[in-house]
Amino acid sequence: LVEVLAGVVVITSKEAVQHQGISLTMEGLVNLQLSSKSVGVFEAFYNSVKPIQLISSNIEVAKPGKVPGGKTEIPFEFPLQAKGNKMLYETYHGVFVNIQYTLRCDMRRPLLAKDLSKTCEFMLHCQPQKSKVQPTPVDFTITPETLQNVKERTSLPKFVIRGHLDATNCVITQPLTGELVVESSEVAIKSIELQLVRVETCGCAEGYARDATEIQNIQIAEGDVCHGLPIPIYMVFPRLFTCPTLETTNFKVEFEVNVVIVLHDDHLITENFPLKLCRV
């Protein structure tokens with residue numbers, strides 16, 4: 001089943017326009033970029049970070065001639081067929097990985113008149129999974145003993161925070177939900193936040209660069225919350241900055257969520273959960 005990109009080219013002018021042909025170019029590209037920390041580390045990268053072309057096609061919608069004054073609409077259709085053995089990935093705007101589909105219309109004009117060109121982006125959703133997504137709920141308890149990367153545990157104030165995420169296998173069109181309870185804390189809490197992170201990997205056999213960047217941060221509680229009170233966790237996945245979890249030979253796009261508790265002395269307590277996003 002091949003879907004089509006269909007629409008009309010609209011030309012509006014006061015009087016008739018002479019032209020040398022009107023064409024449409026559709027292109028889908030994955031642009032990979034290295035973070036400054038990775039550049040120069042692997043010479044091999046320079047080949048693996050070239051843009052990957054997923055789809056490309058060109059059609060002439062009007063032969064050279066004249067377009068009458070007023071409004072002219074020329075319909076078009078493009079089959080969305082990937083090149084060779086490539087797959088079409090979902091539109092995604094990242095930092096080091098960018099998957100973008102564009103449609104460009106060009107009107108070539110005679111000698112002294114400037115050629116006209118207009119580009120627009122169109123969004124692609126990948127085919128939904130046939131199978132049902134099994135929610136994988138996860139319970140968590142955060143105490144000074146459960147924390148990783150702590151130099152001096154003895155200097156940490158005592159606290160117990162419990163909670164659960166309803167699923168870490170998430171449907172991209174549905175919110176991430178759960179709840180959190182502060183059972184006890186020696187030090188007053190300043191803020192509780194949810195941080196959504198994308199982990200983008202660009203690479204090849206010789207090595208790879210893996211970079212984590214924040215997509216959004218949502219505060220779910222402010223100030224020293226009541227102990228023993230369930231606080232709802234609720235986060236919507238933003239459309240262009242997330243996509244179904246993606247793993248290919250040259251790049252990966254994965255997601256994580258951090259539950260961040262900021263104490264009054266500005267101590268940061270973070271618990272990290274990998275997420276798998278899919279479309280159903």
Quiz item: Stepwise, does the side-chain contact (heavy atoms from CB on, under 4.5 Å) test hold for Leu147 with Thr270?
Solution: CA-CA 8 Å; Leu147 297 178; Thr270 306; over 6 Å; no
Quiz item: Are His93 and Arg239 close enough, and set up right, to give a side-chain hydrogen bond (donor to acceptor under 3.5 Å, both in side chains), and what steps lead you there?
Solution: CA-CA 9 Å; His93 292 187; Arg239 169 62 195 94; over 6 Å; no
Exercise. Could you check Leu176 against Tyr234 for side-chain contact (heavy atoms from CB on, under 4.5 Å), going step by step and ending with a plain yes or no?
Key: CA-CA 6 Å; Leu176 172 76; Tyr234 187 95; over 6 Å; no
Quiz item: Hey, mind stepping through Cys278 and Thr245 against side-chain contact (heavy atoms from CB on, under 4.5 Å) and telling me if it holds?
Solution: CA-CA 7 Å; Cys278 47; Thr245 300; over 6 Å; no
Practice problem: Please assess Asn272 against Val259 for the test side-chain contact (heavy atoms from CB on, under 4.5 Å), listing each intermediate value before the final yes or no. | Solution: CA-CA 7 Å; Asn272 174 275; Val259 173; over 6 Å; no
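Between His164 and Ile233, the closest heavy-atom pair is O-CD1, 4.2 Å. Counting all heavy atoms, side chain and backbone alike, Thr91 lies closest to Tyr101 at OG1-CD1, 3.6 Å. Here the closest heavy-atom approach between residue Pro244 and residue Ile172 is recorded as N-CD1, 3.7 Å. For the pair Arg109 and Gln20, the tightest heavy-atom approach, listed with the atom from each and the gap, is C-CG, 3.7 Å. The shortest non-hydrogen separation linking Pro110 to His19 is CD-CA, 4.2 Å. Nearest heavy atoms, Gln33 versus Val95: OE1-O, 3.6 Å.
Remark: of the listed residues Glu271, Gln195, Glu214, Gln195 is the sole one forming a side-chain hydrogen bond (donor to acceptor under 3.5 Å, both in side chains) with Asn258. When Leu124, Ile99, Thr242 are each tested for a side-chain contact (heavy atoms from CB on, under 4.5 Å) with Tyr92, only one passes: Ile99.
The side-chain heavy atoms of Lys158 and Ser184, taken from C-beta on, include no pair separated by under 4.5 Å. Between Pro137 and Asp166, the closest side-chain pair of non-hydrogen atoms is not below 4.5 Å. Here the side chains of Val160 and Val182 are not in contact, with every heavy-atom distance at 4.5 Å or above. Side-chain atoms of Tyr89 and Cys243, non-hydrogen and from C-beta on, never get closer than 4.5 Å to each other. Between Leu240 and Met123, some side-chain heavy-atom pair lies under the 4.5 Å cut-off. Residues Asn217 and Gln219 are not in side-chain contact: their nearest non-hydrogen atoms beyond the backbone lie 4.5 Å or more apart. In this structure, Leu196 and Pro238 have side chains that are in contact, with non-hydrogen atoms separated by less than 4.5 Å. Using a 4.5 Å heavy-atom threshold, the side chains of Phe159 and Glu183 count as separate.
In this structure, CZ in Phe251 is found 11.0 Å from OG1 in Thr201, a value given to the nearest 0.5 Å. Atoms CZ and CD, on Phe237 and Gln174 in that order, are 10.0 Å from each other to the nearest 0.5 Å. Atom OG of Ser56 and atom NZ of Lys86 lie 11.0 Å apart (nearest 0.5 Å). If you take CD1 on Ile192 and CD1 on Ile231, they are separated by 4.0 Å, rounding to the nearest 0.5 Å.
When the shell of 6.0 Å around CD of Glu222 is examined, it contains 12 or fewer heavy atoms from other residues, nucleotides or ligands. By the 6.0 Å contact criterion, CD on Glu186 is enclosed, its count of non-hydrogen atoms from other residues, nucleotides or ligands being greater than 12.
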List the atom pairs, donor and acceptor, that lie under 3.5 Å between side-chain atoms in residues 73-84 and the rest of the protein, sequence neighbours left out.
unit_1: Lys83; atom_1: NZ; unit_2: Gln53; atom_2: OE1; d: 2.7

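A side chain to side chain donor-acceptor pair (under 3.5 Å) check over residues 57-67, counting only residues at least two apart or in different chains, returns the pairs Thr25-Asn58, Glu60-Lys63.
The backbone N or O of Ala188 sits nowhere less than 3.5 Å from a side-chain atom of Ser185 that would complete a donor-acceptor pair. Using a distance-only test at 3.5 Å, with no hydrogens or angles considered, no donor-acceptor pair links the side chain of Asn98 to the main chain of Asn31.
Hydrophobic clustering of Ile, Leu, Val, Met, Phe, Trp and Tyr side chains at less than 4.5 Å, counting indirect connections, unites Ile215 with Leu277. Under the 4.5 Å side-chain heavy-atom criterion for ILVMFWY residues, no single connected hydrophobic cluster contains both Phe273 and Val199. If you chain together hydrophobic residues whose side chains sit under 4.5 Å apart, Val260 and Val197 never meet in one group. Both Ile55 and Ile59 sit in one connected hydrophobic cluster of ILVMFWY residues. Membership requires side-chain heavy atoms under 4.5 Å apart, directly or through other members. In the hydrophobic cluster analysis, where Ile, Leu, Val, Met, Phe, Trp and Tyr join through side-chain heavy atoms closer than 4.5 angstrom, Ile269 is grouped together with Ile218.
Under the 4.0 Å criterion applied to side-chain N and carboxylate O atoms, Asp106 and Arg108 are not assigned as salt-bridge partners. Looking at Arg279 and Glu90, a side-chain N of the basic residue comes within less than 4.0 Å of a carboxylate O on the acidic one, giving a salt bridge.
Thr119 and Thr102 share no side-chain donor-acceptor pair at under 3.5 Å.
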